[in-house]
Amino acid sequence: ASGAYENASLPVIAGDSYELSFMYNNAAITATTTVPDKPTNFACTPLTLTIPTFGGGTGGPPTLPEPLKATWDNPNGNYHLLAIKSVDAGATEISTFGGGQGPGFTNTPDQADNKEINFRAFTYYGRNALILYRIQPELAVLYNSGGSNSQNLTTVPSNVSNGLGIFTAVNI
């Protein structure tokens with residue numbers, strides 16, 4: 001049946017492999033993934049960022065802050081995904097200009113060991129949490145694949161045998 005399935009008694013351990021398997025229409029659907037190690041030495045400087053005020057008034061344009069610089073160890077070129085989420089209940093939206101991305105944003109995964117975060121990426125004032133995920137290549141491929149439409153038909157990335165989708169593990 002469709003839905004979300006959980007098993008709190010199943011220990012998920014970095015380095016261990018996990019398999020998903022079930023029968024559907026007399027076909028065995030299977031997929032495997034390995035849990036990556038946790039990211040190490042994650043840091044961000046500076047720890048605060050002042051969003052400039054734009055609008056009418058006298059004087060010149062506001063002073064723009066330097067971007068935040070997030071860094072982490074990545075000697076093996078693993079894929080990482082940096083997400084930033086507002087953690088203040090009732091946070092005030094900075095601006096609705098740009099489509100209202102919600103209380104956080106996620107960057108495209110890459111194999112770097114750092115990321116600069118410009119103030120324009122924030123959509124809410126207040127405290128924000130930076131969350132660094134180490135992800136597997138199959139998830140990076142999904143993020144980096146172009147969308148399919150009637151003008152550009154593409155094969156959807158999948159690591160599921162006899163099915164479609166991504167079965168993967170991440171670590172924080």
(request) Could you list the residues that satisfy side-chain contact (heavy atoms from CB on, under 4.5 Å) with T40, not counting sequence neighbours? (result) D73
(request) Check the pair L139, Y133 against side chain to side chain contact (heavy atoms under 4.5 Å, CB included), reporting the backbone distance first and the verdict last. (result) CA-CA 11 Å; L139 185 57; Y133 297 91; over 6 Å; no
(message) Using 0.5 Å steps for rounding, measure from the CH2 atom of W72 to the CG atom of N78.
(response) 12.0 Å
(request) With sequence neighbours excluded, tell me which residues meet side-chain contact (heavy atoms from CB on, under 4.5 Å) with P65. (result) L49, P52, F119
What donor-acceptor contacts under 3.5 angstrom involve side-chain atoms of residues 13-26, with partners at least two apart or in another chain?
{"unit_1": "S17", "atom_1": "OG", "unit_2": "T34", "atom_2": "OG1", "d": "2.8"}
{"unit_1": "Y18", "atom_1": "OH", "unit_2": "P11", "atom_2": "O", "d": "2.9"}
{"unit_1": "Y18", "atom_1": "OH", "unit_2": "I13", "atom_2": "N", "d": "2.9"}

(message) Please enumerate all residues that pass side-chain contact (heavy atoms from CB on, under 4.5 Å) together with V160, with sequence neighbours excluded.
(response) I29, A31, S158
(message) Has N128 got a side-chain atom pairing as donor or acceptor with G126's backbone, closer than 3.5 angstrom?
(response) yes
(message) I'd like to know if V141 and L81 are part of one continuous hydrophobic network [Ile/Leu/Val/Met/Phe/Trp/Tyr, side-chain heavy atoms within less than 4.5 Å].
(response) no
(request) Output the distance between atom OG1 (T33) and atom CG (N159), rounded to the nearest 0.5 Å. (result) 7.0 Å
(message) Hydrophobic clustering (ILVMFWY, side-chain heavy atoms < 4.5 Å, transitive) - are V35 and Y79 grouped together?
(response) no
(request) Count the heavy atoms belonging to other residues, nucleotides or ligands that lie under 6.0 Å from CD of E66, then report whether that count exceeds 12. (result) no
What side-chain donor-acceptor pairs closer than 3.5 Å can you find for residues 162-172, not counting sequence neighbours?
{"unit_1": "N162", "atom_1": "ND2", "unit_2": "A28", "atom_2": "O", "d": "2.8"}
{"unit_1": "T168", "atom_1": "OG1", "unit_2": "E138", "atom_2": "OE2", "d": "2.9"}
{"unit_1": "N171", "atom_1": "ND2", "unit_2": "P36", "atom_2": "O", "d": "2.8"}

(message) Could you work out, with side chain to side chain donor-acceptor pair (under 3.5 Å) as the rule, every residue matching N7, not counting sequence neighbours?
(response) S9
(request) Supply the atom-to-atom distance I117 CD1 to K69 NZ, rounded to the nearest 0.5 angstrom. (result) 10.5 Å
(request) Might you point out which heavy atoms bring E116 and P67 nearest each other, and give the distance in Å? (result) OE1-CG, 3.7 Å
(message) So which atom in R134 and which in K38 form the shortest heavy-atom distance, rounded to 0.1 Å?
(response) NH1-O, 3.4 Å
(request) Verify side chain to side chain contact (heavy atoms under 4.5 Å, CB included) between D110 and K115, making sure each step is shown before the conclusion. (result) CA-CA 10 Å; D110 60 33; K115 178 95 49 187; 3.0 Å; yes
